[in-house]
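Quick note on labels: first sequence line is chain A, next is B, and so on, each numbered from 1.
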2 protein chains.
Amino acid sequence: MVESTRRTEIMEAVERLLARGGLNAVTMRAVAAEADVSLRLVQYYGSTKDALLGAVLDRLADKSVERWQARARQRGYESPLEVITAFFDEALPTDRASQDFHRVGVCMEGLAITDPDMAGQAYQRHLSGLGDHLSGVLKSSGLSAKAARRLALEVMALAHGVGTLVMSGQLSEAEAQALIKNYLERLGPQLSR
Amino acid sequence: MVESTRRTEIMEAVERLLARGGLNAVTMRAVAAEADVSLRLVQYYGSTKDALLGAVLDRLADKSVERWQARARQRGYESPLEVITAFFDEALPTDRASQDFHRVGVCMEGLAITDPDMAGQAYQRHLSGLGDHLSGVLKSSGLSAKAARRLALEVMALAHGVGTLVMSGQLSEAEAQALIKNYLERLGPQLSR
DNA sequence: CCCTCCTTGATACGCTCGTATCATTTGGTA
DNA sequence: TACCAAATGATACGAGCGTATCAAGGAGGG
């Protein structure tokens, strides 16, 4: 199973379908149509459906963690509050790309509950990778290990929940930003103590 | 379409399947087996699958809102912090019942993204009902309308996110409670200002 | 009594799914 | 050139799904 261009194309097609219509939209035939290849090709490069989906989810988990690591490397050390503010900026589903990302996250969440064997592991890697990175950044800017991890997970949880409220129409984008701003204003003074 | 015992039994079977294995586990035949009736009966009382699922989700949304209204009626007026503390106590998936409830919530969340027509509406009713009630309680204990709604949604978002982290194994129950305790300690002083 | 309508049952149809099979092309190498 | 393995294509198969259809009990009023 070599890492060919074709295989990458097919995995990207899976990601697009996943982002657009959730898990149910991902069928071998739909992937073939989306990638504009034959069904046989999807089988050839992805072998079985579970294997293909697992590989895609792993890739997605890796990509999201790497995106954050690159971001941290680029911006250098920031204050915890800046780190968290930036995280919310990126995590809230304000544009199409982050909406897709959130949708995929929700799919993985559901899959992790339905079928813990396959997506559960990818989802856990996704969450723990993000959590480790975020808590690492927070720790390196002065927080204790325990406080950093706790805050990292709190921020991730809040971002996920607010993202869901936004995507389900309970919260407008502006309201979400106001909510986060309010949250950060409460959090800020506590961090610099 | 009368509200018969049979119909209730069938809807409860759907809820059990939903809580156990997610949406994919809900097939007409599986519902029949779970309710120990024939496939024809499921059709008879539930007509089509979408109608049955929609009815179940509506019922679930109503039940969750009613549960909260009853709770508020029973306990009477509390301080905002007490209300929120109680909310987290109930919302965190610490026992089997609330785990099932959270699982169903995640299913609805996923369905709302995949198929906004059916479950999307039920999910929105669920969220807005909960949000209205919670913000109403907070408002009646001294907060402004805007602040109450914002805080209600923030609390709901955090509870959902933390619930997901617990159920995916990122957070132990004790860690989750510590996280919430820490959050409430930060929130408390702000509320009494 | 029997007839009618609500209830229950058994089975069939058409569809889509994942997967398997057989055949063909292509590209590098002995 | 000959060849072999990787790559691609067309099609078939069995299973599970939602739904429809045909048929049989079963109770209550004319």
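Applying the 4.0 Å criterion to OP1 and OP2 of C:dC6, one finds that B:Y44 has every side-chain N and O outside that range. A sub-4.0 Å separation between OP1 or OP2 of C:dT19 and a side-chain N or O of A:T48 is present.
The side-chain contact (heavy atoms from CB on, under 4.5 Å) search around A:R6 returns A:S4, A:E9, A:V37, A:L41, A:Y45, not counting sequence neighbours. With sequence neighbours excluded, no residue forms a salt bridge (Lys or Arg N to Asp or Glu O under 4.0 Å) with B:E173. Evaluation of the side-chain contact (heavy atoms from CB on, under 4.5 Å) rule for A:E66 yields A:D62, A:Q69 as partners, not counting sequence neighbours. For A:F87, the ring pair (Phe, Tyr, Trp, His ring centres under 6.0 Å) partners are A:W68, not counting sequence neighbours. Here B:K146 pairs with B:S144 under the side-chain contact (heavy atoms from CB on, under 4.5 Å) rule; sequence neighbours left out.
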Review item, nucleotides 21-27 of chain C N/O atoms under 3.5 Å of protein N/O:
from	atom 1	to	atom 2	distance (Å)
C:dT21	O4	A:R40	NE	3.2

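Counting to the nearest Å, the C1' atom of D:dC17 and the CG atom of B:L52 are 15 Å from each other. For B:K49 and D:dC17, the NZ to P distance is 9 Å, given to the nearest whole Å. Atom CG of B:L39 is separated from atom C1' of C:dT8 by 12 Å (rounded to the nearest Å). Rounded to whole Å, the distance from CG on A:D50 to C1' on C:dT19 is 12 Å. If you take CG of B:L41 and C1' of D:dG18, they are 16 Å apart, rounded to a whole angstrom.
Pairs passing the side chain to side chain donor-acceptor pair (under 3.5 Å) check and including a residue from residues 49-58 of chain A, sequence neighbours excluded, read A:D58-A:R125. Sorted by first and then second residue, the salt bridge (charged side-chain N to carboxylate O under 4.0 Å, His left out) pairs with a member in residues 100-111 of chain B read B:R96-B:D100, B:D100-B:R103; sequence neighbours excluded.
Side-chain atoms of B:R29 and base atoms of D:dG18 include a donor and an acceptor less than 3.5 Å apart.
Listed in residue order, the members of residues 21-28 of chain A having a heavy atom less than 4.0 Å from DNA chain D come to none.
Using a 4.0 Å heavy-atom criterion, one finds that B:R6 contacts the sugar-phosphate atoms exclusively.
Between A:E185 and A:K181 there is a salt bridge, since at least one side-chain N of the basic residue sits less than 4.0 Å from a carboxylate O of the acidic one. One finds a salt bridge joining B:E15 and B:K63 here, because a Lys/Arg side-chain nitrogen approaches an Asp/Glu carboxylate oxygen to under 4.0 Å.
Of the candidate nucleotides C:dT7, D:dT19, D:dG9, D:dG9 has the atom lying nearest to any side-chain atom of A:S38.
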